[in-house]
Peer 1: 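What follows is a single structure, and I will ask about it in a moment.
The analysis underlying the following values was restricted to heavy atoms, covering all of them including side chains, and did not include hydrogens, waters or symmetry mates.
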Amino acid sequence: GIRPFQYGMEVEQVFQDGSVFPAAVLDISDDVLIQKFMSGIANMAAFSRELGIPTEAGLPHAFGNAFRNIAALVADIDFTFKEVEEV
């Protein structure tokens, strides 16, 4: 009779651009992947801010910079509001 069987491959080494790496380079945890993704978003936000192109990732930085500019302007005059008093 015919019996069911299972067939699969196990990756032992990876070849890329003329270099050979052990298969362990493919074992990336979710934490490392999320950290790399967030680092990429931060780089994109910084790059877009440097070019003057507003993006959703750069909005928190833009508002923070705007608040610092307002706080610096208010520091020179006799006007204040509660958000600037701490600064």
Peer 1: Please go through M44's hydrophobic cluster and name the other residues, only I, L, V, M, F, W, Y counting, with side-chain heavy atoms under 4.5 Å joining them.
Peer 2: none
Peer 1: Tell me whether F47 shares a hydrophobic cluster with I53, the cluster being built from Ile, Leu, Val, Met, Phe, Trp, Tyr side chains joined at under 4.5 Å.
Peer 2: yes
Peer 1: Apart from F15 itself, what residues make up its hydrophobic cluster, given side-chain heavy atom links below 4.5 Å?
Peer 2: V20
Peer 1: Using distance only, find each side-chain donor-acceptor pair of residues 64-75 under 3.5 Å and give its atom names and separation, not counting sequence neighbours.
Peer 2:
from : atom 1 : to  : atom 2 : distance (Å)
N65  : OD1    : R68 : NH2    : 2.4
N65  : ND2    : H61 : O      : 3.4
N69  : ND2    : N65 : O      : 3.4

Peer 1: For residues A57 and I41, report the shortest heavy-atom separation together with the two atoms involved.
Peer 2: CB-CG2, 3.8 Å
Peer 1: Ignoring hydrogens, what is the shortest heavy-atom contact between V14 and V25? Give both atom names and the distance.
Peer 2: CG2-CG2, 4.4 Å
Peer 1: Restricting to pairs with a member in residues 39-53, which pass side-chain hydrogen bond (donor to acceptor under 3.5 Å, both in side chains), not counting sequence neighbours?
Peer 2: S48-T55
Peer 1: Verify the cluster assignment for V32 and I34: are they in a single hydrophobic cluster under the rule of side-chain heavy atoms below 4.5 Å apart?
Peer 2: no
Peer 1: Which residue pairs satisfy the side-chain hydrogen bond (donor to acceptor under 3.5 Å, both in side chains) criterion with at least one member in residues 22-35, sequence neighbours excluded?
Peer 2: none
Peer 1: Under 3.5 Å, which donor-acceptor pairs do the side chains of residues 6-13 form with other protein atoms, sequence neighbours left out?
Peer 2:
none

